[in-house]
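Okay, so here's the structure we're looking at.
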Amino acid sequence: MCSEKVLPSLSLRSLPIAPSAPENQLPGVRRLARRELPIDTEALARYLVGKTLVHQTPAGLIGGRIVETEAYVVGDAACHAFRGQTPRNRSLFLERGHAYVYFIYGCWFALNVVGGKAGIGTGVLLRALEPIFGIDAMRRRRPAASLRDLTRGPGRLATALGIDRHHNGLDLCGQGSLWLGASIRPVGTVGVSSRIGLTREAERLLRFYERDNLYVSGPKSLNR
DNA sequence: AGCCAGATTTTCT
DNA sequence: GAAAATCTGGCTA
């Protein structure tokens, strides 16, 4: 079922950050600067595990710890940029730290952090969060989901945070309403596996996750 | 707990 | 016209 159709009134948009934004009430969450992001996309995917994703919405601050990512790299047939630039994937060719949001399976949005230098076309899919901020607001967007399933999977993550095509191309390292934050707690062991849901280049080990974290998606066999 | 079918629409061939 | 970086509910391989 498409949550867009079920809950059209809950499709909230971003708002600009006010000077007294609630992020000031979260001293542990510092915005990441672009220079902190590894230029290599595989390194970026590993680096982002344990970092924070935050979205300031009219319903409040929503976000959590990134616990699962996948890298889509240069020369990778599974990467949306593999066959060159098109209207759909053009934001993948921005400088690293921007958002690439795409619509998939007729139902869902998925959020990527663009990797590499401008013009290259690589990214990191954010596959799962550990919910930390705004859990009530997430539940309102996904009323049928258990806490564990609120943000476990790329489509669920985007829905729970209110991310859609309006966020495509935004700078996640700027002063906007959607941003990457530093770790709020040390990251555990980072596991590596093949990526999920692919037909092409399915064997490459480009998925990264925090081991033993309850909020990681995928079959048990991939999460050892 | 695990597997399967159906939903739904954009995008490119 | 087919495939797609998925999710949900229902059924039991």
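All chains are named by letter (A, B, ...) in the order of the sequence lines, taking the proteins before the strands, and each is independently numbered beginning at 1. Just so we're clear, the structure is a prediction, and the values are computed from it rather than from any experiment.
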Within the structure shown, what part of the strands sits under 4.0 Å from Asn112(A) by heavy-atom distance: base, sugar-phosphate, or nothing?
-> base
Does Arg83(A) have a side-chain nitrogen or oxygen under 4.0 Å from the phosphate oxygens OP1 or OP2 of dT13(B)?
-> no
Can you tell which of dT8(B), dC7(C), dA4(C) lies closest to the side chain of Arg156(A)?
-> dC7(C)
Using only side-chain N and O atoms of Thr199(A), determine if any of them is under 4.0 Å from OP1 or OP2 of dA4(C).
-> yes
Within the structure shown, what part of the strands sits under 4.0 Å from Ala78(A) by heavy-atom distance: base, sugar-phosphate, or nothing?
-> base
Can you list, by residue number, the residues of residues 84-102 of chain A that have a non-hydrogen atom closer than 4.0 angstrom to DNA chain B?
-> Thr86(A), Arg88(A)
Sub-4.5 Å side-chain heavy-atom contact between His55(A) and His167(A) | yes
Give a yes-or-no answer on whether the side chains of Thr159(A) and Arg142(A) include a donor-acceptor pair shorter than 3.5 Å.
-> no
Measure the shortest side-chain to side-chain distance between Ile196(A) and Ser217(A) over non-hydrogen atoms and say whether it is less than 4.5 angstrom.
-> yes
Could you please name the partner base of dT11(B), counting Watson-Crick and G-U wobble pairs only when both distances are under 3.5 Å?
-> dA2(C)
Taking only the side-chain nitrogens and oxygens of Arg127(A), find out if one of them lies under 4.0 Å from OP1 or OP2 of dT6(C).
-> yes
Rounded distance (Å) that lies between atom C1' of dC7(C) and atom CZ of Phe103(A) = 12 Å
Provide the full list of salt bridge (Lys or Arg N to Asp or Glu O under 4.0 Å) pairs with a residue in residues 169-183 of chain A, sequence neighbours left out, each pair given once.
-> Arg34(A)-Asp171(A)
Kindly state whether the pair Tyr105(A) / dT6(C) counts as stacked, where counting means centroids closer than 5.5 Å and planes tilted less than 30° apart.
-> yes
Any donor and acceptor pair, going by atom type alone, linking the side chain of Asp164(A) with main-chain N or O of Phe109(A) inside 3.5 Å?
-> no
Centroid separation Tyr102(A) to His80(A) less than 6.0 Å | yes
